[in-house]
Chemist: 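Take this structure, written in structure tokens, and hold onto it; I'll ask about it next.
For this chain, numbers begin at 1 and follow the sequence in order. Values below: all heavy atoms of this structure, side chains included; hydrogens, waters and symmetry mates excluded.
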Amino acid sequence: MNPRVLTFLVAAATLAGFGIALFWARRRGRPFFDAAAAGFEGWNLTHLLLASFLTLFAELAFIRWIAVEVRAFAYFKNLALLLCFVGFGLGCALARQTPRWLAGIAAFLGLLLVVRLPLHNGEWLEGLSQSLGAAADLEIWATGSSWHWVRFAGGALMAASLFLLMVWIFVPLGQTVSRQMDRAPSTLSAYSWNLMGSLAGILAFLGVSRLMLPPSFWLGAVLLGFAFLQATRRGQLVVASLLVPLALLLHDPSTPESYAMWTPYQQVQYTRHYASNGDFWGGEVWVNHAGYQYIVDLSPSFLARHPGLVKEAVEENPYNLPFRFAMLSPSTMIVGSGTGNDVAAALRHDSRSVDAVEIDPAILALGKREHPERPYDSPRVTVHLTDARAFLKRSARRYDLILFGLLDSHTEFSDYSNMRIDNFVYTEESFREASRHLNPEGVLFVKFHVDHPWMAVRLAEMLRQTFGKPPLVFYADSSYGATATCFVISPSSRVEDALAADPRLAEFVRKNVVSPDKGQIAITTDDWPYLYHEGHWIPRLYYSLGMLVVLVSLGLYAQIPEVRRQVPSLFFFSMGAGFLLLETQVISRLALFFGTTWQVNGIVISALLSALLLANMVVERTRASLPRFWIFAALLAGLAMAYLLPLNRIPGSPATAGAVATAVFAIPIFFAGILFALEFRGAESPSAALGANMLGAVAGGLLENLSLLFGMRALLLVAIGLYCLAGIGLWSRQQRPASGIPPV
């Protein structure tokens with residue numbers, strides 16, 4: 001029997017026994033989850049801190065895990081984030097009810113069972129990806145371009161089931177946090193502790209990512225946290241015992257020849273391959289269950305011993321082709337060096353120096369350890385573990401060849417927004433920066449896997465606008481997964497001269513030339529970096545799944561009697577929506593200066609929470625009532641400055657410009673935090689205020705898709721509008737006591 005199937009059956013049997021034990025205990029009148037036990041009803045700082053910690057830690061853990069296991073979710077990652085908000089907000093609305101730990105834990109384990117179901121080796125999940133992902137106006141890896149509403153409806157129902165499971169996981173956490181908020185001696189102090197717990201959760205997940213620990217560790221830590229929050233010793237032991245089936249469900253069998261690892265960005269699976277005589281020639285790398293690349297030995301000595309290994313002509317494979325256009329012994333920069341195939345090709349063609357830029361430390365380490373040609377050991381190679389765009393901004397060197405390898409991520413998004421980590425690499429501004437690093441006779445060579453013709457048109461048009469002439473575009477086949485559409489251009493006549501001097505190269509290009517359509521296509525810029533979207537519109541897929549989230553949210557909230565009788569506070573709702581848009585804006589803007597690395601995302605979110613903590617401290621230490629009008633005016637002025645200030649023209653180094661940009665965005669965040677803290681301190685029901693704030697964050701996350709229409713900078717205008725709505729809500733809150741109407 002397949003080891004994974006056996007492991008799954010053991011885990012399922014264990015969980016079935018757990019369910020029978022629960023049923024038997026309930027029939028005997030001795031439930032494990034007794035929320036009325038002593039020590040849970042009163043104010044408990046430990047529970048508040050732990051629940052706040054777990055909320056952020058579990059949010060990041062589940063978003064990252066499900067985006068890998070169910071690939072369709074990788075393309076709508078902020079929807080998974082919003083579902084966590086929906087669950088937490090629902091828990092806030094249910095603060096007066098018994099914490100629903102049984103439902104939350106059942107949803108936790110149910111999600112693991114459904115996702116890890118070894119049915120046809122996971123093909124049913126790939127079917128879900130196919131059903132949800134096929135769209136002609138959206139580049140989604142391996143999902144085709146035809147859309148059928150029946151298949152989509154079936155996929156949407158399956159997705160809704162997974163959505164509901166994610167929502168219910170976070171309900172008891174929201175209940176725990178909001179109950180402690182309601183019982184705290186000081187509402188504002190409790191909110192500060194909540195922020196500190198959330199900050200600790202983010203930093204802890206950063207540490208887990210840095211150590212590259214597997215999901216059994218992150219999700220096991222979440223389950224242990226759930227166990228600690230149980231009111232009875234027996235409940236704690238029961239939940240802790242579930243670590244066994246959890247570990248079984250998340251276990252992936254590995255051997256020295258085939259194993260998986262979780263990098264700060266993605267899951268990487270690697271399998272070694274050997275030639276027929278037993279010689280090791282490389283390995284196959286998969287990222288997030290999608291084929292990524294082969295590590296291959298293309299050295300002349302190895303190919304001479306194995307003449308049938310590569311079907312295409314050796315010098316015309318995609319790794320060797322770029323060097324036939326460049327001058328002899330070029331200085332080379334490789335953007336997205338990966339496991340080292342391009343670096344090995346540079347060394348085989350006598351590059352006198354190679355700057356290899358790679359963002360993922362695990363893929364880089366894999367190349368150093370496994371590549372048969374040992375390219376990273378060469379003294380001519382300098383490795384830069386950083387974001388490609390950040391390197392282009394900071395480097396002062398010029399090159400004879402700049403090679404954009406196959407670094408298109410296709411599946412890897414930021415944890416906090418619908419932006420892929422390579423978005424800012426393929427923009428008009430990025431190509432202009434690359435062109436400034438070329439020597440007069442330098443060549444820019446871009447390899448890209450093109451599924452839709454409009455992608456080739458976009459890349460060709462960006463290069464044409466950058467260099468003032470069209471690039472040479474041709475197709476290069478490969479027998480080991482490196483098939484690419486190639487774009488070649490130079491500020492001089494170097495490309496034309498290379499073709500004239502090499503008739504064989506000219507004939508190869510003539511046979512494989514690609515002529516991109518002349519139709520109009522939107523160009524990606526730093527303000528509209530959506531490389532994988534055809535144009536300035538929201539794909540129907542986003543409308544459909546966004547509507548699904550709204551329906552799930554409204555359906556759940558409509559079941560709560562208190563919600564049906566009371567409209568959520570306009571002030572707290574609008575503040576949540578505005579803050580989420582502002583958070584997205586800060587992450588995207590600062591990524592231009594510091595890169596889209598995992599550290600930057602985590603540091604930015606930590607800085608935002610720290611700014612809110614500072615605002616809380618100001619409000620707590622100020623006994624006199626602060627003038628809300630002037631605070632609100634300062635908030636709007638800060639947003640206006642962030643919108644109007646041309647951050648890309650700030651003089652100085654990228655680090656200096658990034659520091660200025662950080663300070664600019666810190667101003668509105670700080671004043672928004674003060675305004676929120678002032679009103680939260682006097683809220684009649686902190687849990688209701690927190691629930692409205694979470695609902696607002698859901699709305700803000702859906703409004704983030706407006707950037708697909710108008711660009712990312714326009715989100716600041718939307719945020720200004722939302723904060724103006726918050727101002728109206730603030731004015732109405734201040735007017736109600738005078739008219740005898742109780743505040744919401």
Side-chain angles (χ1 to χ4, degrees), residues 321-327 330-336 355 357 388-389 391-393 395-405 407-408 422-448 450 452-476 484-502 505-506 508-510 512-531 533-536 592 646 648-649 711:
L321 275 169
F323 300 92
R324 297 179 67 179
F325 290 91
M327 63 176 59
S331 59
T332 305
M333 180 175 79
I334 300 173
V335 180
D355 279 335
V357 183
R389 188 68 184 277
F391 180 80
L392 286 172
K393 285 181 176 293
S395 174
R397 289 198 59 188
R398 289 180 175 270
Y399 303 91
D400 300 318
L401 173 64
I402 296 179
L403 171 60
F404 281 65
L407 57 80
D408 42 312
D422 59 351
N423 271 30
F424 288 124
V425 176
Y426 297 101
T427 66
E428 187 177 13
E429 292 88 344
S430 176
F431 284 131
R432 291 190 187 281
E433 287 175 3
S435 70
R436 289 194 286 269
H437 286 278
L438 284 175
N439 287 322
E441 291 291 312
V443 173
L444 179 64
F445 196 105
V446 179
K447 295 187 291 185
F448 199 90
V450 173
H452 296 293
W454 51 264
M455 288 291 291
V457 177
R458 169 171 293 154
L459 290 168
E461 180 61 18
M462 281 192 286
L463 291 171
R464 186 193 68 77
Q465 292 187 14
T466 300
F467 289 88
K469 60 181 181 180
L472 176 66
V473 186
F474 60 92
Y475 180 80
T485 301
C486 303
F487 304 78
V488 195
I489 199 164
S490 171
S492 67
S493 60
R494 179 67 205 171
V495 174
E496 293 79 6
D497 294 344
L499 292 174
D502 189 342
L505 176 62
F508 174 80
V509 170
R510 185 189 66 79
N512 295 279
V513 71
V514 174
S515 299
D517 296 336
K518 302 300 181 182
Q520 294 294 319
I521 191 70
I523 300 302
T524 48
T525 66
D526 285 350
D527 186 53
W528 195 81
Y530 298 110
L531 176 69
H533 293 73
E534 183 177 359
H536 288 258
L592 282 173
N648 59 327
R649 297 180 184 176

Chemist: Just to verify, which of Leu444, Asp502, Leu505 counts as forming a side chain to side chain contact (heavy atoms under 4.5 Å, CB included) with Phe325?
Modeler: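 Passing option: Leu505.
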Chemist: Please list, chain by chain and in numerical order, all residues satisfying side-chain contact (heavy atoms from CB on, under 4.5 Å) with Ala484, sequence neighbours excluded.
Modeler: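 With neighbours one apart ignored, the set is Leu406, Lys447.
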Chemist: Give, for atom CD of Glu433 and atom OG1 of Thr427, the distance between the pair rounded to the nearest 0.5 Å.
Modeler: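 If I round to the nearest 0.5 Å, the distance is 7.5 Å.
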Chemist: Show the nearest heavy-atom pair for residues Glu534 and Arg458, with the distance to one decimal.
Modeler: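 Residues Glu534 and Arg458, closest heavy atoms: O-NH2, 2.8 Å.
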Chemist: Are the side chain of Arg397 and the backbone of His437 linked by a donor-acceptor contact shorter than 3.5 Å?
Modeler: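 Judged by distance alone, no pair lies under 3.5 Å.
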Chemist: Any chance you could measure Leu321, atom CG, to Phe474, atom CZ, to the nearest 0.5 Å?
Modeler: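 If I round to the nearest 0.5 Å, the distance is 5.0 Å.
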Chemist: Measuring from Ile402:CD1 to Ile334:CD1, what's the distance to the nearest 0.5 Å?
Modeler: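 It comes to 11.5 Å.
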Chemist: Can you say whether the rings of Trp454 and His452 are parallel (under 30°), tilted (30 to 60°) or perpendicular (over 60°)?
Modeler: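 Plane angle under 30°, so parallel.
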Chemist: Do Phe424 and Asp526 come within less than 4.5 Å of each other through their side chains, counting heavy atoms only?
Modeler: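 With C-beta onward as the side chain, the pair touches.
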Chemist: Determine whether Leu392 and Ser430 make a side-chain contact, defined as any pair of heavy atoms from C-beta on separated by less than 4.5 Å.
Modeler: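 Yes, side chains in contact.
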Chemist: How far apart are the closest heavy atoms of Ser435 and Phe467, and which atoms are they?
Modeler: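 Closest heavy-atom pair between Ser435 and Phe467: CB-CZ, 3.7 Å.
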Chemist: Not counting sequence neighbours, which residues clear side-chain contact (heavy atoms from CB on, under 4.5 Å) with Asn439? List them please.
Modeler: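 side-chain contact (heavy atoms from CB on, under 4.5 Å) list for Asn439, sorted by chain: Ser331, Arg398, Asp400.
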Chemist: Please report the closest heavy-atom contact between Leu403 and Pro322, naming both atoms and the distance.
Modeler: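 Closest pair (atom of Leu403, atom of Pro322, distance): CD1-CG, 3.9 Å.
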Chemist: To the nearest 0.5 Å, how far apart are OH in Tyr530 and OG1 in Thr524?
Modeler: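 Rounded to the nearest 0.5 Å, the OH-OG1 separation comes to 12.0 Å.
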Chemist: First locate atom CZ of Arg464, then atom CD1 of Ile523, and finally report the distance between them rounded to the nearest 0.5 Å.
Modeler: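 Rounded to the nearest 0.5 Å, the CZ-CD1 separation comes out at 8.0 Å.
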Chemist: Report the relative orientation of the aromatic rings in Phe404 and Tyr426; use parallel for angles under 30°, tilted for 30 to 60°, perpendicular for over 60°.
Modeler: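 Rings of Phe404 and Tyr426: tilted, as their planes differ by 30° to 60°.
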Chemist: So which heavy atom on Ala388 is nearest to which on Val335, and how close?
Modeler: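 In terms of heavy atoms, the two residues are closest at CB-CG1, 3.2 Å.
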Chemist: For Pro471 and Ala460, which heavy atoms make the closest approach, and how far apart are they?
Modeler: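 Looks like CD-O, 3.5 Å.
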Chemist: Looking at every heavy atom in both Ile489 and Leu463, which two are closest together, and how far apart are they?
Modeler: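 Nearest heavy atoms, Ile489 then Leu463: CD1-O, 3.9 Å.
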Chemist: Would you say the side-chain atoms of Asn512 pair up with the backbone N or O of Phe508, donor to acceptor, closer than 3.5 Å?
Modeler: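 Confirmed, Asn512 side chain pairs with Phe508 backbone.
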Chemist: Using 0.5 Å steps for rounding, measure from the CZ atom of Phe445 to the CG atom of Leu472.
Modeler: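 Rounded to the nearest 0.5 Å, the CZ-CG separation comes to 8.5 Å.
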Chemist: With sequence neighbours left out, what residues match Ser492 under side-chain contact (heavy atoms from CB on, under 4.5 Å)?
Modeler: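 side-chain contact (heavy atoms from CB on, under 4.5 Å) list for Ser492, sorted by chain: Glu441, Ser490, Arg494.
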